Amino acid sequence: MENSIFKQYLERRNTLVKNRNILQTSYNPDQLPHRSDEIDQIASILAGALKGDKPSNIMIFGKAGTGKTAVMTFIGNELQKADAATSNCEYIYINCEVVDTHYGILSGIGNQSQTDFEKRIPYTGWSTEKVYMEMKNYIDSQSKVFIIVLDEIDRLLNKNSDDVLYHLLAINDFLKNSKVSLVGISNNLKFMEFLDSRVHSRFGEEKIIFPPYKTKQLEDILKERAKLAFEPEAIEFGVIPLCAAIAAQDNGDARRALDLLRVAADIAERNGDTLITEAHVKNAKNKIEVDAVVETVKTLPPHSKIVLMSIIKNTEDGNKTMTTGDMYSTYKEITEILGLNCVSQRRVADLISELDMLGIVHAPVRSFGRAGRTRVIELSAPKDVHDVLEADELMIPLKTYRNPKQTTLM
DNA sequence: TGTCCACTGGAAGGGAGGGCTT
DNA sequence: AAGCCCTCCCTTCCAGTGGACA
């Protein structure tokens with residue numbers, strides 16, 4: 001360790017933060033401030049499962065960072081504790097953002113409580129029908145009440161996967177020994193409207209809405225965590241109220257409040273400061289925003305990157321806005337230089353929509369009367385995006401390319 | 001009022017790629 | 001090895017459209 005390059009950082013650590021995990025959004029606290037009503041409500045519905053009765057299906061709504069997942073995780077843990085003696089129920093959690101196909105969800109349910117490795121459903125290869133049967137048979141063989149939580153359930157909508165919901169809701173008709181209750185978690189309040197009527201009627205049994213946290217409530221949450229995470233006297237008085245205020249503006253998102261506090265602490269520690277200040281929080285805010293965009297851009301599929309590059313190139317050429325057609329010709333030039341096949345304009349239109357949804361570009365559809373109707377595309381990401389793209393392996397040929405007609409393209 | 005532009009966005013389907021089954 | 005199945009990415013086709021202009 002004597003000459004390690006890490007030495008200085010290790011020595012500097014622990015001056016401010018006592019326990020970093022507590023500030024992670026994945027950390028599950030023992031206390032969930034300002035959510036006792038919601039916990040009671042859900043617990044009262046699910047309590048029947050402990051006696052072997054089938055609880056009503058529940059839909060939980062609330063914006064991002066309102067504690068939906070944290071509350072369900074908490075309840076899941078409590079349920080398992082309470083069930084330890086009788087073993088009447090099984091709690092299964094699926095995040096539909098991670099697993100978003102029929103197959104993935106069904107096999108996820110079938111595998112989560114399956115302890116026998118030999119009997120696990122392979123993650124691809126079977127027909128969905130077979131996976132469903134296997135899962136159903138497994139569930140029925142357990143003679144328990146299964147509480148299946150589908151987090152981010154709205155992800156299933158655009159994948160026309162409400163079939164899978166229908167099958168899960170109807171599964172009770174085919175079970176002899178077990179019962180299944182579904183808990184859906186969504187941050188889209190209109191989720192139910194988009195559902196097939198046969199799914200809609202079965203799912204609407206109980207609805208619970210998580211309101212956004214107010215500034216004061218966010219402060220309480222942060223104080224609670226800060227007490228455990230930081231050394232005493234590590235944070236300036238105004239830091240927590242500032243984090244809370246910024247997050248409150250952002251739909252009362254507790255996750256965001258925690259991120260701000262954690263990143264602010266990181267920045268302070270890295271600077272070797274002995275106190276976390278409001279200035280650190282402001283830096284953190286900026287850093288989080290830029291990091292999020294940069295990370296998204298880095299993980300974009302190749303053609304999306306080229307589309308984005310085309311938009312940047314047009315912007316740098318002085319066209320602050322451009323139509324789909326303009327952008328597509330630039331796109332074709334670039335793909336040619338890169339030595340790749342270009343995709344159709346129809347496909348590019350979808351890629352633009354995706355970039356729009358990610359907030360990287362702004363591309364509303366506008367009509368120019370006789371001059372047609374098209375998207376007006378404008379870059380809305382910070383400048384860092386350009387650097388990230390330019391550094392991308394995919395774009396290497398652009399740097400060395402010289403246009404025979406003009407001087408250089410880039 | 002109707003025309004017409006430059007697309008948009010839905011639908012259907014192909015085919016590659018991953019992996020199981022027989 | 002041949003035959004399936006599922007998902008993802010993509011193509012092709014095409015009806016539909018907002019609004020400036022004649």
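Per chain, numbering begins at 1; letters A, B, ... match sequence-line order. For clarity, every value in this text was computed on a predicted model and none was experimentally measured.
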S.K.: Side chains of A:Asn57 and A:Ser181 only: does a donor on one sit below 3.5 Å from an acceptor on the other?
M.R.: no

S.K.: Using a 4.0 Å heavy-atom cut-off across all strands, classify A:Ser367 as base, sugar-phosphate, or nothing.
M.R.: base

S.K.: With respect to the side chain of A:Arg370, which nucleotide from C:dT7, C:dT11, C:dA20 is positioned closest?
M.R.: C:dA20

S.K.: Looking at every strand, decide which applies to A:Thr324 at a 4.0 Å heavy-atom threshold: base, sugar-phosphate, or nothing.
M.R.: sugar-phosphate

S.K.: By the 4.0 Å heavy-atom rule, please label A:Ser344 as base, sugar-phosphate, or nothing.
M.R.: base

S.K.: Examine the side chains of A:Ser353 and A:Asp356 and answer whether a donor and an acceptor come within less than 3.5 Å of each other.
M.R.: no

S.K.: In whole Å, I'd like the distance from the CD1 atom of A:Ile105 to the C1' atom of C:dT7.
M.R.: 14 Å

S.K.: Between A:Val365 and A:Gly125, name the one whose nearest nucleotide on DNA chain B is closer to the 5' end.
M.R.: A:Val365

S.K.: Please compare A:Arg375 and A:Gly372 by the position of their nearest nucleotide in DNA chain B and report the one closer to 5'.
M.R.: A:Gly372

S.K.: Could you list the residues that satisfy side chain to side chain donor-acceptor pair (under 3.5 Å) with A:Glu289, not counting sequence neighbours?
M.R.: none

S.K.: Could you state the atom-to-atom distance from CZ of A:Phe368 to C1' of C:dA20 in whole Å?
M.R.: 11 Å

S.K.: Counting just side-chain N and O atoms, does A:Thr128 come under 4.0 Å of either OP1 or OP2 of C:dC6?
M.R.: yes

S.K.: Let me know the distance between CZ of A:Arg373 and C1' of C:dA15, rounded to the nearest Å.
M.R.: 12 Å

S.K.: NE2 of A:His102 versus P of C:dC6: gap in Å, rounded?
M.R.: 10 Å

S.K.: Using every non-hydrogen atom in the two residues, find where A:Asp140 and A:Ser178 come nearest and quote the distance to one decimal.
M.R.: OD1-N, 3.0 Å

S.K.: Please state whether the phosphate of C:dT7, meaning OP1 or OP2, lies under 4.0 angstrom from any side-chain nitrogen or oxygen of A:Thr101.
M.R.: yes

S.K.: Would you mind reading off the distance between A:Met133 atom CE and C:dC5 atom C1', rounded to a whole angstrom?
M.R.: 17 Å

S.K.: Is it true that the side chains of A:Thr374 and A:Thr324 contain a donor and an acceptor less than 3.5 Å apart?
M.R.: yes

S.K.: For DNA chain B, which nucleotides open and close the run of contacts to chain A, 5' to 3', at under 4.0 angstrom from a non-hydrogen atom?
M.R.: B:dT3 to B:dT21

S.K.: With a cut-off of 3.5 Å and sequence neighbours excluded, list every side-chain donor-acceptor pair involving residues 126-134 of chain A.
M.R.:
| residue | atom | partner | partner atom | Å |
| --- | --- | --- | --- | --- |
| A:Ser127 | OG | A:Lys130 | N | 3.2 |
| A:Tyr132 | OH | A:His167 | O | 3.4 |

S.K.: Between C1' on C:dC4 and CD on A:Glu129, what's the gap in Å once rounded to a whole number?
M.R.: 15 Å

S.K.: So what does A:Arg366 hit on the nucleic acid, given a heavy-atom distance under 4.0 Å: a base, only sugar-phosphate, or nothing?
M.R.: nothing

S.K.: Is the shortest side-chain N to carboxylate O distance from A:Lys227 to A:Asp220 below 4.0 Å?
M.R.: no

